Amino acid sequence: MRFPAATLAVAAVVVALEGVTTLLLGVYVAVQTVIGSPSDYTTSVAVAAFGVLVGAGLLWVVRGLYTAERWSRAPGVVTQIFLIPLSITLLQSDRLAMGIPLIIAAVVGIVALLAPPTTRALYGDDADPRS
């Protein structure tokens with residue numbers, strides 16, 4: 001399938017990378033909870049479940065972006081909005097290796113999701129305020 005807009009493809013790739021990363025981190029925490037000895041088992045299970053569910057949810061959003069469904073933009077934008085303060089916190093904590101790629105992904109993602117070609121691809125003629 002060909003994307004109706006390059007910006008929509010960029011947005012889908014960014015959200016897919018975020019989704020896969022979150023899913024893998026959730027699985028990692030789950031595995032470490034099972035094979036390790038966490039100080040708080042309940043919290044470890046909750047964090048693992050949260051990571052897996054959020055990662056799977058983001059991949060569902062990617063499917064919506066891939067098929068150019070209107071609903072998919074809102075959760076993608078909300079995700080990017082949450083990632084910006086998270087990445088700033090990482091940068092302030094001298095975790096540059098995590099903070100810099102995360103803020104770049106969040107900015108690229110939000111710009112791509114809110115770009116006019118993405119809006120036209122998702123909303124068609126409804127996106128034109130002059131109509």
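In this text the structure is predicted, and so the values were computed from the model without any measurement.
Inter-residue side-chain proximity for Ile110 and Ile81 is flagged as met; some heavy-atom pair is nearer than 4.5 Å. Thr79 places a side-chain heavy atom less than 4.5 Å from the side chain of Leu58. Side-chain contact between Val47 and Thr43 is present, with heavy atoms from C-beta onward closer than 4.5 Å. Contact check for Leu122 versus Ser72: side-chain heavy atoms found under the 4.5 Å cut-off. Counting heavy atoms from C-beta outward, Val61 and Trp71 have side chains that approach closer than 4.5 Å. Residues Ile88 and Gln92 meet the side-chain proximity criterion, which asks for heavy atoms closer than 4.5 Å.
Looking only at distances, a side-chain donor or acceptor of Arg73 sits under 3.5 Å from a matching main-chain atom of Leu113. Under a 3.5 Å cut-off, the side chain of Thr7 and the backbone N or O of Thr118 do form a donor-acceptor pair. Side-chain N or O atoms of Ser44 include one that pairs as donor or acceptor with a backbone N or O of Asp40 at under 3.5 Å.
Shown here for Pro117 and Ala5, the closest heavy-atom pair between the two residues is O-CB, 3.6 Å. Here the closest non-hydrogen pair linking Ala68 and Ala121 is CB-O, 4.1 Å.
Val54 is connected to Val15 through a chain of hydrophobic side-chain contacts under 4.5 Å among Ile, Leu, Val, Met, Phe, Trp and Tyr, so both are in one cluster. Clustering ILVMFWY residues whenever any of their side-chain heavy atoms sit less than 4.5 angstrom apart, transitively, puts Val62 in a cluster other than the one holding Leu24. Cluster membership for Val77 and Val14, using ILVMFWY side-chain heavy atoms within less than 4.5 angstrom, is shared. Each of Leu23 and Val29 belongs to its own hydrophobic cluster when Ile, Leu, Val, Met, Phe, Trp and Tyr are linked at side-chain heavy-atom distances under 4.5 angstrom. When hydrophobic clusters are built by joining Ile, Leu, Val, Met, Phe, Trp and Tyr residues whose side-chain heavy atoms come closer than 4.5 Å, directly or via intermediates, Val107 is grouped together with Leu91.
Pairs of residues two or more places apart, or lying in two chains, that qualify as side-chain hydrogen bond (donor to acceptor under 3.5 Å, both in side chains) and include a residue from residues 11-39 are Glu18-Gln80.
Leu86 belongs to a hydrophobic cluster with Leu83, Leu90, Met98, Leu102, counting contacts under 4.5 Å between side-chain heavy atoms of Ile, Leu, Val, Met, Phe, Trp and Tyr, direct or through other members. If you chain together ILVMFWY residues whose side-chain heavy atoms come under 4.5 Å of each other, Val45 ends up grouped with Tyr41.
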Decide side chain to side chain contact (heavy atoms under 4.5 Å, CB included) for Thr119 and Leu114; before the verdict, give the C-alpha distance in whole Å, the side-chain angles of both, and the deciding distance to 0.1 Å. CA-CA 7 Å; Thr119 302; Leu114 297 177; 6.0 Å; no
